[in-house]
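Quick caveat: nothing in here was measured; it's all calculated off a predicted structure.
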Amino acid sequence: MPIDAHHLPSSLVLVGAGKMGGSMLEGWLSVGMKPAGVTVIDPRPSEEMTRLCADRGLALNPANPPSAPDVLVLAIKPQMLDEAAPGLNGLVGPHTLIVSILAGKTMGDLRSRMPAARAVVRAMPNLPASIGRGATGAAASSDVTEAQRLMADALLRSNGIVEWLDTEDLIDAVTAVSGSGPAYVFHLVECLAEAGAAAGLPPELAQRLARATVTGAGELLFQSDLPPATLRQNVTSPGGTTAAALEVLMADPGGLRALMREAVAAAKRRAEELSG
């Protein structure tokens with residue numbers, strides 16, 4: 001569904017312009033966010049971000065950031081919240097929507113440090129947002145109006161799909177699945193390439209084949225309406241080579257299913273530990 005530019009905010013302050021914050025910013029600009037309405041706050045901006053702000057006319061670290069913007073986006077590292085919050089609290093107006101992508105930091109955590117905060121959306125995007133193929137889970141506080149929700153949705157959808165959650169409690173699980181998930185896929189490529197080399201392929205060839213296999217399978221999954229299980233079955237001939245490999249990967253116990261559950265549970269626990 002195309003993004004309605006009318007839902008984009010007229011004024012926005014982005015706090016933290018690292019990889020994720022910068023990717024989100026480029027997405028907003030690509031769907032029609034007016035550069036004159038954007039302020040970027042980052043004590044150590046990259047050369048790329050400095051150049052982007054100069055080229056597009058974005059305010060970078062102004063002496064007097066705008067107070068009461070429509071949206072204040074928090075994209076700093078979670079452990080920086082305590083240091084940054086006092087200065088940011090003064091920017092929050094009565095109608096400012098706060099969009100936070102701070103892993104593990106709850107709405108309660110934010111409000112305890114920024115008493116002016118009312119309307120809050122917690123969101124967890126992931127790295128493919130940098131190419132417009134992100135997967136974001138989001139939850140809204142009861143103070144968020146319908147207009148603010150549409151505004152947040154337009155901002156987040158500029159980088160990919162958005163799934164709205166019924167409760168904030170699900171954010172840590174989203175973090176463990178899609179937030180951290182790209183790293184699991186990258187590691188799969190590493191492991192597949194190493195296994196190919198162990199099977200006799202030259203390492204560089206194994207790396208190229210593994211990379212192309214995973215990206216191709218991902219694109220097929222993206223373009224197909226079929227469930228992943230059906231796509232897997234379509235590749236698997238009874239008694240064939242794929243079936244032999246899947247007997248190992250799908251073994252119970254000790255297969256990929258149990259390992260992935262353990263990995264996701266560990267990531268969720270860590271997200272919970274970051275709260276407070």
Path from V99 to V38 over hydrophobic side-chain contacts below 4.5 Å: yes

So, for V162 and A138, which heavy atoms are closest and what is the spacing to 0.1 Å? CG1-CB, 4.4 Å

List for me each residue that meets side-chain contact (heavy atoms from CB on, under 4.5 Å) alongside Q79, sequence neighbours excluded, and say none if there are none. K77

Taking all non-hydrogen atoms of both residues into account, name the closest pair between N89 and A116 and its distance. OD1-N, 2.9 Å

Please determine whether residues V92 and I41 belong to a single hydrophobic cluster, defined as Ile, Leu, Val, Met, Phe, Trp and Tyr linked transitively by side-chain heavy-atom distances below 4.5 Å. yes

Can you check salt bridge (Lys or Arg N to Asp or Glu O under 4.0 Å) on R270 and E273, steps first, answer last? CA-CA 5 Å; R270 182 56 184 150; E273 291 168 0; 3.1 Å; yes

Would a hydrophobic clustering, with Ile, Leu, Val, Met, Phe, Trp and Tyr connected at side-chain separations under 4.5 Å, put L220 with L188? no

Under the side-chain contact (heavy atoms from CB on, under 4.5 Å) rule, collect the residues that match up with T167, sequence neighbours excluded. D169, L170

Distance from E146 atom CD to R149 atom CZ, nearest 0.5 Å? 6.5 Å

Not counting sequence neighbours, which residues clear side-chain contact (heavy atoms from CB on, under 4.5 Å) with L201? List them please. L205, A206, L209

Within the 4.5 Å heavy-atom criterion, are K268 and V177 side-chain neighbours or not? no

Can you name the closest pair of heavy atoms from L72 and M114 and give their distance? CD2-CE, 3.9 Å

Side-chain polar contacts of residues 6-16 - donor-acceptor pairs under 3.5 angstrom, sequence neighbours left out - could you list them?
| from | atom 1 | to | atom 2 | distance (Å) |
| --- | --- | --- | --- | --- |
| H6 | ND1 | D4 | OD1 | 2.9 |
| S10 | OG | D70 | OD2 | 2.7 |
| S11 | OG | D70 | N | 2.9 |

Residues 107-117 vs salt bridge (charged side-chain N to carboxylate O under 4.0 Å, His left out), sequence neighbours excluded, gives D82-R113, R111-D143

Gap separating the OG atom of S112 from the CE atom of M107, nearest 0.5 angstrom: 13.5 Å

Keeping to residues at least two apart or across chains, list the salt bridge (charged side-chain N to carboxylate O under 4.0 Å, His left out) pairs with something in residues 212-239. R133-E219

Could you tell me whether the side chain of K105 and the main chain of L81 form a donor-acceptor pair under 3.5 Å? no

Grouping I, L, V, M, F, W and Y whenever their side-chain heavy atoms are under 4.5 Å apart, do W164 and V174 come out in a common cluster? no

Residue pair R122 / T106, side-chain heavy-atom distance below 4.5 Å: yes

Rounded to the nearest 0.5 Å, the CG atom of L165 sits from the CE atom of M124 at a distance of 11.0 Å

Sequence neighbours excluded, which residues qualify as side-chain contact (heavy atoms from CB on, under 4.5 Å) partners of P125? M20, M24, I101, T136

Heavy-atom pair of closest approach, residues L29 and P35: CD2-CG, 4.1 Å

Residues sharing L221's hydrophobic cluster, by side-chain heavy-atom contacts under 4.5 Å among ILVMFWY, directly or via others? L226, L231

What's the shortest heavy-atom distance between E168 and A139, and which atoms? CA-CB, 3.8 Å

Taking S46 for the side chain and M49 for the main chain, is one N or O donor matched with an acceptor at less than 3.5 Å? yes

Kindly indicate whether the side chain of L110, heavy atoms from C-beta on, has any atom under 4.5 Å from the side chain of L74. yes

Rounded to the nearest 0.5 Å, what separation is found between the NZ atom of K34 and the CZ atom of R56? 12.0 Å

Does one hydrophobic cluster hold both L52 and V40, with members joined at side-chain heavy-atom distances below 4.5 Å? yes

Taking every non-hydrogen atom, the tightest pair across A63 and P65: O-CD, 3.5 Å

Evaluate the side-chain proximity of Y184 to V264: yes if any heavy-atom separation is below 4.5 Å, no if none is. yes

pair W28-V73: side-chain heavy atoms closer than 4.5 Å: yes

Note: with side-chain heavy atoms under 4.5 Å as the link, the other cluster members for I161 come out as none

Output the distance between atom CG (L97) and atom OG (S141), rounded to the nearest 0.5 Å. 8.0 Å

Determine whether I76 and L102 make a side-chain contact, defined as any pair of heavy atoms from C-beta on separated by less than 4.5 Å. yes

Under 4.5 Å between any side-chain heavy atoms of S23 and E26, yes or no? no

So, using salt bridge (charged side-chain N to carboxylate O under 4.0 Å, His left out) as the criterion, who are the partners of R208 when residues are at least two apart? none

Quick check for you: to the nearest 0.5 Å, what is the distance between N126 atom CG and S180 atom OG? 9.5 Å

State, with a plain yes or no, whether a side-chain heavy atom of V71 is found less than 4.5 Å away from one of T96. no

What pairs meet the salt bridge (charged side-chain N to carboxylate O under 4.0 Å, His left out) rule with one or both residues in residues 39-53, with sequence neighbours excluded? none

Should we say atom CG of D55 is surrounded by more than 12 heavy atoms from elsewhere, each under 6.0 Å from it? yes

Name the atoms and distances for all side-chain donor-acceptor pairs under 3.5 Å in residues 239-248, with sequence neighbours left out.
none

